[in-house]
**Q** 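My questions will all concern the structure given below.
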Amino acid sequence: TSLMSERISLYLEKLAKNPDNLLNRFSLAQVYYETGEYEESILHLRTCFEKRNDWMMVALLLGKALIAVEQKEAACEPLKQTIALAQKQGHEDPEHEARTLLAECVESESV
């Protein structure tokens with residue numbers, strides 16, 4: 001939709017002005033994910049994940065985006081990180097979601 005395109009443009013503009021702003025980068029990645037542009041989303045999520053490995057929602061979204069592009073093996077690390085962070089931070093819903101997704105990834109490896 002044009003609203004999504006506007007949001008992408010807005011965050012790209014903000015990122016161009018301040019490439020180190022991880023919050024803008026994550027917001028851009030979220031919009032890309034919502035529009036099904038998973039590869040673009042993954043690029044920005046990886047940057048966030050590498051710079052801030054304590055950011056649970058980045059780890060979870062990275063895992064989901066990797067699954068969306070059939071990279072289930074690669075999704076295991078961020079999903080395991082999500083589970084560890086969720087336990088540490090007391091977030092049950094993301095932990096449950098990450099465990100469910102991780103189980104799918106592990107199943108697909110053993111098939």
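These numbers come from a predicted model, not from an experiment.
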**Q** Of all the heavy-atom pairs spanning Leu79 and Cys105, show the shortest one and how long it is.
**A** CD1-SG, 4.0 Å
**Q** Any non-hydrogen side-chain atom of His91 less than 4.5 Å from a side-chain atom of Glu95?
**A** no
**Q** Pick out which of Leu22, Leu62, Leu61 makes a side chain to side chain contact (heavy atoms under 4.5 Å, CB included) with Cys48.
**A** Leu22
**Q** May I ask you to test the Leu60-Pro78 pair for a side-chain heavy-atom distance under 4.5 Å?
**A** no
**Q** If I take atom OH from residue Tyr11 and atom CG from residue Asn21, how far apart are they, to the nearest 0.5 angstrom?
**A** 10.0 Å
**Q** Is it possible for you to say whether Met57 and Leu101 belong to one hydrophobic cluster, with membership spreading through side-chain heavy-atom contacts below 4.5 Å?
**A** yes
**Q** Search all heavy atoms of Leu45 against all heavy atoms of Val58 and return the closest pair with its distance.
**A** O-CG1, 3.7 Å
**Q** Which atom pairs, one a donor and one an acceptor, fall under 3.5 Å between side chains of residues 24-33 and the rest of the protein, sequence neighbours left out?
**A**
residue	atom	partner	partner atom	Å
Arg25	NH1	His44	ND1	2.9
Arg25	NH2	Pro19	O	3.0
Ser27	OG	Leu23	O	3.0

**Q** When rounded to the nearest 0.5 angstrom, what is the spacing between OG1 in Thr47 and CD1 in Ile42?
**A** 12.0 Å
**Q** Roughly how far, to the nearest 0.5 Å, is CD of Glu104 from CD1 of Ile67?
**A** 6.0 Å
**Q** I want to check something: taking the side chain as every heavy atom from C-beta on, are Glu39 and Val69 in contact at a cut-off of under 4.5 Å?
**A** yes
**Q** Taking the side chain as everything from C-beta on, heavy atoms only, tell me whether Leu85 gets closer than 4.5 Å to Asn53.
**A** no
**Q** Going by heavy atoms in the side chains, are Leu66 and Arg46 under 4.5 Å from each other?
**A** yes
**Q** In Å and rounded to the nearest 0.5 Å, what is the CD to CE distance from Gln89 to Met56?
**A** 5.5 Å
**Q** Supply the atom-to-atom distance Glu40 CD to Leu12 CG, rounded to the nearest 0.5 angstrom.
**A** 8.5 Å
**Q** Enumerate the residue pairs fulfilling side-chain hydrogen bond (donor to acceptor under 3.5 Å, both in side chains) with a member in residues 77-86, sequence neighbours excluded, ordered by first and then second residue.
**A** none
